[in-house]
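To keep things clear, I will list the structure first and then write my remarks on it.
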Amino acid sequence: MAEDSSTLSARSPRGGEADAFWFVVSRRRLLVATDTDAAAIPFGERLDRWGLVGLRQQYLGTLRGFSCHGVEVSDKTPAPQGMAFVGLRSLYGLLEEDSFKVALTAMHLVEWDRTSQFCGRCGAKTELRREERAKECTACGAIVFPRISPAVIVLVERGDRVLLARASRFPDSVVAGFVEPGESLEQTVSREIEEETGILVEDVRYFGSQPWPFPDSLMVGFTARYASGELRIDDKEIVDARWFSVDDLPQIPEKVSIARKLIDWFIEKQR
Ligand SMILES: [Zn+2]
């Protein structure tokens with residue numbers, strides 16, 4: 001893994017304009033300079049260099065020692081010459097790993113900024129706070145932090161086989177679901193698996209986590225072992241669920257996802 005050269009902070013350094021990275025978002029797509037096998041984040045002193053006008057702007061932190069700004073531009077903004085607005089998932093592997101990490105943050109915060117323009121308590125305008133990543137209502141003083149929605153994602157093993165389930169329109173994957181109020185992560189794991197597939201699991205272990213800003217999730221990965229029960233799909237979220245051995249895996253999720261990292265972990269273990 002490349003050395004992580006990014007720091008994420010709401011506090012911008014003092015001083016005037018200097019070269020910076022611009023994470024420009026339009027319709028949930030990120031502006032990048034592209035050629036066939038790499039992509040780069042626009043870099044320069046000012047956004048208007050590319051003829052772009054930001055609707056809203058936030059300081060994100062630093063990347064390789066330079067400031068990073070997240071900017072939303074209007075839906076109708078055309079990409080400057082040599083650049084394109086590209087969905088974040090397709091940029092995985094094209095952007096440097098440290099840039100991709102800041103891009104995830106930018107996507108999350110630009111969307112948060114866009115959808116928290118007004119106070120949820122009194123309806124007045126909010127504004128960004130200077131010293132922390134939060135917004136404050138200009139009328140009642142309510143403070144709003146960026147929303148993060150935790151979800152669990154679980155790989156269930158049964159001997160040399162793994163449980164993969166398929167939701168309509170998606171490839172087969174490990175089971176996932178949002179944490180509900182009052183639940184521990186472990187409770188969510190057990191509940192989601194039982195609801196969606198009818199089985200009970202044991203030996204639930206933490207695997208790792210991944211921010212997933214579509215729009216604001218934090219995916220918390222676990223592994224678990226089959227304990228009891230027969231597979232029975234819920235027919236609402238899941239259209240199929242089966243045990244697969246490493247030799248007969250179906251099409252699995254793309255490399256960017258923690259789902260894929262869990263499946264790769266299982267494949268590695270079986271070899
Ligand atoms: Zn208010």
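Just so you know, ligand 1 is whichever comes first in the structure, and atom 1 is the first atom listed for that ligand.
Residues Thr188 and Glu183 bring a donor and an acceptor atom of their side chains to less than 3.5 Å of each other. Defined by atom type and a distance below 3.5 Å, a donor-acceptor pair is present between the side-chain atoms of Asp216 and Ser149. A donor and an acceptor atom, one from each side chain of Ser99 and Arg64, are located under 3.5 Å apart.
Salt-bridge annotation for Asp264 and Lys255: present, with a side-chain N of the basic residue lying under 4.0 Å from a carboxylate O of the acidic one.
In terms of the side-chain hydrogen bond (donor to acceptor under 3.5 Å, both in side chains) criterion, residue partners of Thr77 (sequence neighbours excluded) are, by chain and number, Ser74.
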- Message: Set out, in order, the CA-CA distance, both residues' side-chain angles and the distance that settles salt bridge (Lys or Arg N to Asp or Glu O under 4.0 Å) for Arg225 and Glu202, then state yes or no.
- Response: CA-CA 5 Å; Arg225 281 192 301 116; Glu202 60 190 6; 3.8 Å; yes
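For the Zn ion (ligand 1), protein N/O/S neighbours under 2.8 Å (waters excluded) are Cys119 SG, Cys122 SG, Cys137 SG, Cys140 SG.
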